[in-house]
Visitor: 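Before we start, here is the structure in question, set down as structure tokens.
All ligand and atom numbering here is 1-based and tracks the order in the structure.
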Amino acid sequence: MSVIDDSARIFVGGQFRPATASTPVLEAATGTLLGMGAAAGPDEVDAAVAAAGAALAGWSATPPAERAAVLNRLADELLARSVSTNELCTRENGMPIRLSRGANGRFPAALLQYYAGLITGTPAEEIRPAAIGHTIVRREPVGVVGAIVPWNYPQALAAFKLAPALAAGCTVVLKASPETALDALVFAEAAQAAGLPAGVLNVIAGGPDTGARLVSHPGVDKVSFTGSTAVGRRIAEACGRLLRPVTLELGGKSAAVVLEDADLDTTINGLKSAAFVNNGQTCHLNSRILVPRSRYDDMVDALAALASGLNVGDPLEKSTDVGPLVSARQRDRVLGYIEAGKADGAKIVAGGGIPADQPDGWFVSPTVFIDVDNASRLAQEEIFGPVLAVIPYETEQQAVALANDSEYGLGGTVWSADAERATDIARAIRSGTVGVNDYQLDMAAPFGGVKASGLGRELGPEGLAAYQSIKSIYRVGPASGEESLSVL
Ligand code: NAD
């Protein structure tokens with residue numbers, strides 16, 4: 001794995017530089033040292049923003065077809081490194097390797113290819129008839145982007161931001177989490193190899209102070225953040241004061257609504273992924289399972305069997321379903337919720353602690369609480385681990401009310417033999433995304449949350465628009481034929 005190195009680095013202005021301060025990156029399954037990640041200080045943030053600012057004029061003026069060609073080369077370079085990248089990510093954060101192959105290996109390249117196609121196929125200017133003549137409505141790159149990502153899907157979530165921002169003609173400072181500081185440098189290596197002009201992409205890592213400096217930096221034109229709701233609120237406040245555009249992809253506590261006619265096997269097979277994906281460290285996790293009283297006993301038995309039967313262990317093994325959590329802190333946080341649930345009298349039918357055969361690393365057994373009150377902390381707060389709360393309901397109306405009785409609104413699913421009926425329930429759920437009988441992100445469709453789950457959308461054409469600023473140029477008289485075809 002080429003980026004594992006004992007000297008921490010940042011990538012600024014097209015060059016790798018030794019970092020002035022560093023933090024250890026530990027392997028989630030063993031707690032052993034993987035390498036040193038940068039803990040970028042103020043001067044390094046300033047240098048990265050300055051490099052992005054210096055590169056902006058050239059990159060934004062580069063024709064979309066040329067930008068797209070560079071993005072496609074970047075995708076090729078990422079694919080060439082994908083095996084080592086997905087292994088590295090799995091070591092850093094414990095993601096099961098089967099998932100990592102797609103999420104950290106193939107997905108970032110696919111997203112770059114998607115936005116390369118979108119930017120070449122979408123005119124930058126559109127002519128609209130107006131009272132005095134016509135208006136040119138023009139999409140311009142928003143400028144220098146500060147992109148801050150969490151550790152749970154480090155490559156995919158970085159690509160959510162880099163791909164549309166670079167396609168739009170923006171330049172970027174990517175700030176990775178300390179836990180996944182090493183894999184972020186793969187983007188830098190690939191960018192160098194692909195011939196991305198110096199300064200168009202800059203990669204740093206660090207904690208809250210590094211992120212906060214980037215958010216408020218005068219040289220940043222737009223902030224794109226994925227992470228917790230608590231930090232998202234702080235960033236929104238800073239951007240509000242600065243009147244700086246911001247996209248926020250935040251936490252969730254999504255509900256799986258199982259309808260009376262749901263097929264048991266389909267539902268349980270689907271929930272294996274929807275409710276436990278990435279060891280529960282997934283923002284759109286279906287961590288509340290709403291079950292009709294008439295099906296309650298069967299579903300509880302099946303969910304307990306599912307959780308108890310999951311293969312917990314080495315995340316690098318293909319057969320592993322659930323790996324370790326990212327850090328000792330995250331494991332302790334999840335165990336704290338489990339203990340609090342027990343202390344409140346909630347009933348456990350699977351898991352409930354550290355697996356006896358996994359004393360090293362930061363493992364937590366897949367855990368299922370039943371008869372959970374939707375008002376309790378177990379049902380209202382994002383645990384971010386393999387912990388489910390099963391909640392009974394009497395009527396579909398009540399199920400929708402329970403699903404919506406949450407601070408969050410990011411994901412969710414509806415399970416039924418009747419897809420139309422399930423879709424009607426999906427329409428009634430207040431959430432940015434809902435799956436019917438499965439939950440798979442679609443890179444061509446907008447992804448994001450309502451309420452405390454965030455502001456704005458990523459992916460799809462909406463994700464590109466998030467990096468564009470719109471200008472109207474009012475003109476007297478009719479548009480010429482040439483203008484009406486104008487493409488930047
Ligand atoms: P976090 O909010 O602690 O950190 C996220 C990033 O923000 C990290 O890079 C961190 O270093 C940085 N940061 C921390 N404090 C900051 C500050 N004051 N200013 C600027 N940057 C700061 O979140 P986490 O624990 O790394 O990730 C888990 C959270 O991310 C969960 O809540 C999860 O739901 C959320 N998440 C959301 C989505 C989504 O698309 N909605 C996707 C994945 C994860």
Visitor: Identify the closest protein heavy atom to atom 35 (C) of ligand 1: which residue and atom is it, and at what distance?
Guide: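 It is G227 O, 3.1 Å.
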Visitor: Heavy-atom distance to atom 15 (N) of ligand 1: which of P208, P178, G232 wins?
Guide: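 Ranked by closest heavy atom to atom 15 (N) of ligand 1, first place is P208.
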Visitor: What protein heavy atom is closest to atom 7 (O) of ligand 1, reported as residue, atom name and distance in Å?
Guide: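 Scanning the protein heavy atoms, the shortest distance from atom 7 (O) of ligand 1 goes to F225 CE1, 3.2 Å.
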Visitor: What protein heavy atom sits nearest atom 19 (N) of ligand 1, and how far off is it?
Guide: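 Here the closest protein heavy atom is A212 N, 3.4 Å.
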Visitor: Do me a favour and list the nearest non-hydrogen protein atom to atom 20 (C) of ligand 1 with residue, atom name and distance?
Guide: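 Answer for atom 20 (C) of ligand 1: G211 C, 3.2 Å.
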Visitor: Ligand 1 versus H284, non-hydrogen atoms closer than 4.0 Å: side chain, backbone, both, neither?
Guide: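 For H284, there is no contact with ligand 1 at all, from either part.
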Visitor: Checking contacts here: is it the side chain or the backbone of F384 that comes within 4.0 Å of ligand 1, counting heavy atoms only? Could be both or neither.
Guide: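 For F384, the contact with ligand 1 is made by the side chain alone.
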Visitor: List the closest protein heavy-atom neighbour of atom 10 (C) of ligand 1: residue, atom name, distance to the nearest 0.1 Å.
Guide: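 Nearest protein contact, heavy atoms only, for atom 10 (C) of ligand 1 is K175 NZ, 3.8 Å.
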Visitor: Would you kindly specify which portion of F160 sits under 4.0 Å from ligand 1, judged on non-hydrogen atoms: side chain, backbone, both or neither?
Guide: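 Neither part.
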Visitor: Side chain, backbone, both or neither: which part of T210 comes within less than 4.0 Å of ligand 1 when only heavy atoms are counted?
Guide: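 T210 to ligand 1: no contact under 4.0 Å from either part.
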Visitor: Between the side chains of R329 and D332, is the shortest nitrogen-to-carboxylate-oxygen separation below 4.0 Å, so that they form an ion pair?
Guide: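 Salt bridge between D332 and R329, a charged N being under 4.0 Å from a carboxylate O: no.
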Visitor: Could you tell me whether the side chain of T320 and the main chain of D314 form a donor-acceptor pair under 3.5 Å?
Guide: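 Answer holds: yes.
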Visitor: Could you check which of T180, T247, V231 puts a non-hydrogen atom nearest to atom 16 (C) of ligand 1?
Guide: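 Selected option, by shortest heavy-atom distance: V231.
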Visitor: Would you call K253-E382 a salt bridge at under 4.0 Å N-O?
Guide: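 Salt bridge: no.
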Visitor: Who passes side chain to side chain donor-acceptor pair (under 3.5 Å) against N374, sequence neighbours left out?
Guide: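 Scan of N374 (side chain to side chain donor-acceptor pair (under 3.5 Å), adjacent residues dropped) gives R288, D405.
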Visitor: Between E77 and R81, is there a salt bridge with N-O shorter than 4.0 Å?
Guide: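 Counted as a salt bridge, because a side-chain N and a carboxylate O are separated by less than 4.0 Å.
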Visitor: At a 4.0 Å threshold, what atoms of ligand 1 neighbour a non-hydrogen atom of L157?
Guide: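 Close to L157: 42 (C), 43 (C).
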Visitor: Tell me, which protein residue and heavy-atom name are nearest atom 24 (P) of ligand 1, and how many Å apart are they?
Guide: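 Atom 24 (P) of ligand 1 sits closest to the protein heavy atom W151 NE1, 3.4 Å.
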Visitor: Determine, considering heavy atoms only, which of A147, S216, S228 sits nearest to atom 3 (O) of ligand 1.
Guide: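 Minimum heavy-atom distance to atom 3 (O) of ligand 1 goes to S228.
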Visitor: Against heavy atoms of C283, which atoms of ligand 1 measure under 4.0 Å?
Guide: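 Close to C283: 34 (O), 36 (N), 37 (C), 38 (C), 39 (C), 40 (O), 41 (N), 42 (C), 43 (C), 44 (C).
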Visitor: Applying salt bridge (charged side-chain N to carboxylate O under 4.0 Å, His left out) as the test, list every pair that has at least one member in residues 197-226; sequence neighbours left out.
Guide: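 Residue pairs passing salt bridge (charged side-chain N to carboxylate O under 4.0 Å, His left out), neighbours aside: D46-R213.
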Visitor: I'd like to know if D321 pairs up with R98 as an ion pair, taking the criterion as any Lys NZ or Arg NE/NH1/NH2 lying under 4.0 Å from an Asp or Glu carboxylate oxygen.
Guide: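 A salt bridge is present here (some side-chain N lies under 4.0 Å from a carboxylate O).
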Visitor: Can you tell me the protein heavy atom closest to atom 12 (C) of ligand 1 and the distance?
Guide: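 That would be I148 CG2, 3.7 Å.
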Visitor: Quick one: does Y153 get a heavy atom under 4.0 Å from ligand 1?
Guide: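 No.
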Visitor: Check each heavy atom of N152 against ligand 1 and say whether those closer than 4.0 Å belong to the side chain, the backbone, both or neither.
Guide: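 Side chain only.
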Visitor: Is there at least one pair of N or O atoms, one from V149 and one from ligand 1, spaced under 3.5 Å apart?
Guide: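 Yes, there is a polar N/O contact under 3.5 Å.
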Visitor: For the residue pair K161 / T226, report whether a side-chain donor-acceptor contact shorter than 3.5 Å exists.
Guide: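 Their side chains do contain a donor-acceptor pair, which is all the 3.5 Å distance test asks for.
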Visitor: Looking only at heavy atoms, what is the nearest atom pair of M36 and S22, with distance?
Guide: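 Distance-wise, the nearest heavy atoms are CE-OG, 3.3 Å.
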Visitor: Return yes or no for this condition: an N or O of T229 is under 3.5 Å from an N or O of ligand 1.
Guide: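 Such a contact does not occur with ligand 1.
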Visitor: Where is the tightest heavy-atom contact between L185 and F16, given as atom of each residue plus distance?
Guide: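 Heavy-atom minimum between the residues: CD2-CE2, 4.0 Å.
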Visitor: May I ask you to decide if the ring planes of F107 and F160 are parallel, tilted or perpendicular, using 30° and 60° as cut-offs?
Guide: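 The rings of F107 and F160 sit tilted, inter-plane angle from 30° to 60°.
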Visitor: Among all the protein's heavy atoms, is there at least one whose distance to atom 26 (O) of ligand 1 comes out below 4.0 Å?
Guide: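 Flag for atom 26 (O) of ligand 1 set to true, protein heavy atom closer than 4.0 Å.
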Visitor: Under a plain distance cut-off of 3.5 Å, with no hydrogens placed, do T367 and S365 share a side-chain donor-acceptor pair?
Guide: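 No donor-acceptor contact under 3.5 Å links the two side chains.
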Visitor: Can you list the atoms of ligand 1 that are under 4.0 Å from a heavy atom of G206?
Guide: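 Result: 11 (O).
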Visitor: Are any of the N/O atoms on S453, whether in the backbone or the side chain, positioned under 3.5 angstrom from an N/O atom of ligand 1?
Guide: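 Among all N and O atoms of S453, none is under 3.5 Å from an N or O of ligand 1.
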Visitor: Do side-chain atoms of T171 reach the backbone of A52 as a donor and acceptor pair under 3.5 angstrom?
Guide: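 The answer is yes, because a donor-acceptor pair under 3.5 Å joins these two groups.
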Visitor: Return a yes/no value for L250: is any of its N or O atoms, backbone included, closer than 3.5 angstrom to an N or O of ligand 1?
Guide: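 Between L250 and ligand 1, an N or O pair is found under 3.5 Å apart.
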Visitor: What are the two closest heavy atoms between L402 and Y393, and how far apart are they?
Guide: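 Shortest heavy-atom contact: CD1-CB, 3.9 Å.
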Visitor: Check this for me - ligand 1, T226, N or O atoms closer than 3.5 angstrom, yes or no?
Guide: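 The answer is no, given that T226 and ligand 1 share no N or O pair closer than 3.5 Å.
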Visitor: So which atom in G313 and which in F363 form the shortest heavy-atom distance, rounded to 0.1 Å?
Guide: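 For G313 and F363, the tightest heavy-atom pair comes out as O-CE2, 3.2 Å.
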Visitor: Can you tell me the protein heavy atom closest to atom 31 (C) of ligand 1 and the distance?
Guide: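 Atom 31 (C) of ligand 1 sits closest to the protein heavy atom E382 OE1, 3.3 Å.
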